[in-house]
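Inspection log for the structure reproduced underneath, given as structure tokens.
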Number of protein chains: 2
Amino acid sequence: MADVINDILKRNQLSVTDSRKKILEFFHHADGALAHADIEKMSGESFDRVTIYRTLQTFVEKGIIHTIPTADNSVKYALCKDECAAGHHHDDHIHFLCDDCGTTYCLDTHVPAVQLPQGFVVKRTDVVVSGKCGKCSN
Amino acid sequence: MADVINDILKRNQLSVTDSRKKILEFFHHADGALAHADIEKMSGESFDRVTIYRTLQTFVEKGIIHTIPTADNSVKYALCKDECAAGHHHDDHIHFLCDDCGTTYCLDTHVPAVQLPQGFVVKRTDVVVSGKCGKCSN
DNA sequence: ATTCCTTTTGCAACAAAGTTGCATTCCGTT
DNA sequence: AACGGAATGCAACTTTGTTGCAAAAGGAAT
Ligand SMILES: [Mn+2]
Ligand SMILES: [Mn+2]
Ligand SMILES: [Zn+2]
Ligand SMILES: [Zn+2]
């Protein structure tokens, strides 16, 4: 486990620090996506708020995690499953936000190709579905 | 013009106030979606920041405008073209965010039906595409 | 036009979220 | 062990969003 974490950081030319290891572990243990606020709560007094901001930013830039837009002004983050590299994300899967339990899922469904007007160039497509997840719909 | 604005408010059982008229006009004149910050800049000293928050919230509840999630933690708002009523939005079109000019477009393309795992119930689907718009891609 | 009641607004105070600069500490290498 | 660059913590600050309450405005009735 510790090896996996270590590897990810080294592979991305990032020095292995306590905060980075801890935050990466949070993502690995989490069953859904995490918001900045989630990490802040989980970490308690371990490290500074600012460090979390900077770490998340670094991870996104390196292609270790990706962002998930939500309708309520709260970006969430999740591990990139696909082979994402610095500056080149390929997280073309759809996301699901459960209105009940609040969990954000990365689903295996690929985002569909969308039809756009003449001249529009697609860089990124986000599909965010909300409703009730499997656990909450019964 | 003033009549149209007036009608929308009355139809939704909202009293016709300066701020509501002005904000509705902003949306009608805008070629794209507007963020809270945009409206604040446009209105100058006309009315209070809090009024803008409350007005946007009211308009969303009444089905006059709808929200558009973005990856950068800034919700945008646009007029509902479709027949949306209080508590029942039907804005099932996709959105496009231009990375160059910042404009957010409501496109006429309908959101696709997405395949979800067993037990997942869909309430809302947001498709947000980003890249370069027609004006910026040349 | 005046009155009356309800809704909306503005203000102030506050809370939460995010940013920046800089000194200190830590990491990786020599 | 020592060094240099990168990461962290802290403080100060800005921006964004929320809440309570008194004043003002809107709409309906007289
Ligand atoms: Mn994902
Ligand atoms: Mn729209
Ligand atoms: Zn759920
Ligand atoms: Zn553009």
Side-chain angles (χ1 to χ4, degrees), chain A residues 2-3 5-26 33-62 64-65 67-77 86 102 104, chain B residues 2-3 5-26 33-62 64-65 67-77 86 102 104:
Chain A
D3 291 350
I5 302 289
N6 237 279
D7 270 12
I8 296 177
L9 292 174
K10 294 220 167 129
R11 190 188 321 143
N12 288 280
Q13 290 119 37
L14 292 174
S15 47
V16 181
T17 67
D18 286 346
S19 27
R20 286 175 178 167
K21 279 191 287 183
K22 198 93 165 262
I23 293 179
L24 259 187
E25 269 169 32
F26 287 153
L34 300 175
H36 177 277
D38 296 325
I39 297 171
E40 205 173 326
K41 278 167 210 141
M42 288 192 267
S43 60
E45 303 289 296
S46 319
F47 33 74
D48 200 76
R49 235 161 39 85
V50 180
T51 302
I52 301 177
Y53 282 113
R54 296 198 263 226
T55 303
L56 289 173
Q57 192 181 303
T58 303
F59 285 178
V60 170
E61 284 165 1
K62 289 293 186 175
I64 300 173
I65 60 178
T67 58
I68 305 166
T70 74
D72 70 323
N73 245 0
S74 75
V75 171
K76 300 213 175 186
Y77 302 85
T104 301
Chain B
D3 292 351
I5 302 288
N6 237 279
D7 271 13
I8 296 176
L9 293 174
K10 294 221 167 124
R11 190 188 320 143
N12 288 281
Q13 291 119 35
L14 293 173
S15 48
V16 181
T17 67
D18 287 345
S19 27
R20 286 174 180 168
K21 279 191 287 184
K22 197 92 166 265
I23 292 179
L24 258 187
E25 269 169 33
F26 287 153
L34 300 176
H36 176 277
D38 297 326
I39 297 171
E40 204 174 327
K41 277 168 211 143
M42 288 191 266
S43 60
E45 305 288 296
S46 318
F47 32 74
D48 200 78
R49 233 159 41 84
V50 180
T51 302
I52 301 177
Y53 282 113
R54 295 196 266 227
T55 303
L56 289 174
Q57 191 181 303
T58 303
F59 285 178
V60 170
E61 284 165 1
K62 289 291 185 176
I64 299 173
I65 60 177
T67 56
I68 305 166
T70 73
D72 70 323
N73 246 0
S74 75
V75 171
K76 300 212 173 186
Y77 302 86
T104 300

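Note that the coordinates shown come from a computational prediction; the quantities given were computed from them, not determined experimentally. All chains are named by letter (A, B, ...) in the order of the sequence lines, taking the proteins before the strands, and each is independently numbered beginning at 1.
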Let me see the working for A/L9 and A/F59 under side chain to side chain contact (heavy atoms under 4.5 Å, CB included), right down to the final yes or no.
-> CA-CA 9 Å; A/L9 292 174; A/F59 285 178; 3.9 Å; yes
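For the atom pair CD1 of A/I64 and OH of A/Y77, the computed distance is 13.5 Å after rounding to the nearest 0.5 Å. Residue B/T55 holds its OG1 atom at 9.5 Å from CG of B/L14, rounded to the nearest 0.5 Å.
The shortest heavy-atom contact between A/R49 and A/E40 is CD-OE2, 2.9 Å. Smallest separation of non-hydrogen atoms from B/I52 and B/S43: CD1-OG, 4.0 Å.
Using a 4.0 Å heavy-atom cutoff across all strands shown, B/R49 reaches at least one base atom of the nucleic acid. Counting any heavy atom pair closer than 4.0 Å across all strands shown, B/S19 reaches sugar-phosphate atoms only and no base atom.
Residues A/K22 and A/S46 meet the side-chain proximity criterion, which asks for heavy atoms closer than 4.5 Å. B/T17 is not listed as a side-chain neighbour of B/T51, based on a closest heavy-atom distance of 4.5 Å or more.
Remark: P of C/dT8 and NZ of B/K21 are 15 Å apart, rounded to the nearest angstrom. For the pair B/K22 NZ and C/dT9 P, the interatomic distance rounds to 13 Å; values are reported in whole Å. Between B/Y53 atom OH and C/dC11 atom P the separation is 16 Å, expressed in whole Å. Atom CG of B/L9 is separated from atom C1' of C/dT8 by 13 Å (rounded to the nearest Å).
Nucleotides of DNA chain D lying under 4.0 Å from heavy atoms of chain A occupy a range whose first and last members, 5' to 3', are D/dA7 to D/dG17.
A heavy-atom distance below 4.0 Å to DNA chain D is reached by none of the residues of residues 40-48 of chain B.
For the residue pair B/S74 and B/T70, a side-chain donor N or O sits within less than 3.5 Å of a side-chain acceptor on the partner.
When each of B/N73 and B/R20 is assigned the nucleotide of DNA chain C bearing its nearest heavy atom, the one mapping closer to the 5' terminus is B/R20. Comparing A/V50 and A/T55 against DNA chain D, the residue whose closest nucleotide sits nearer the 5' end is A/T55.
Of the possible polar contacts, one joining the B/R20 side chain to the B/S15 backbone as a donor-acceptor pair under 3.5 Å is found. With hydrogens and angles disregarded, no donor-acceptor distance shorter than 3.5 Å links the side chain of A/N6 to the backbone of A/D3.
Shown are B/T58, B/I39, B/L34, B/I5; of these, the side-chain contact (heavy atoms from CB on, under 4.5 Å) with B/I23 is made only by B/I39.
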A correct 5'-to-3' footprint of nucleotides 22-30 of chain C, with B, S and - meaning base, sugar-phosphate only and no protein heavy atom under 4.0 Å, is -----SS--
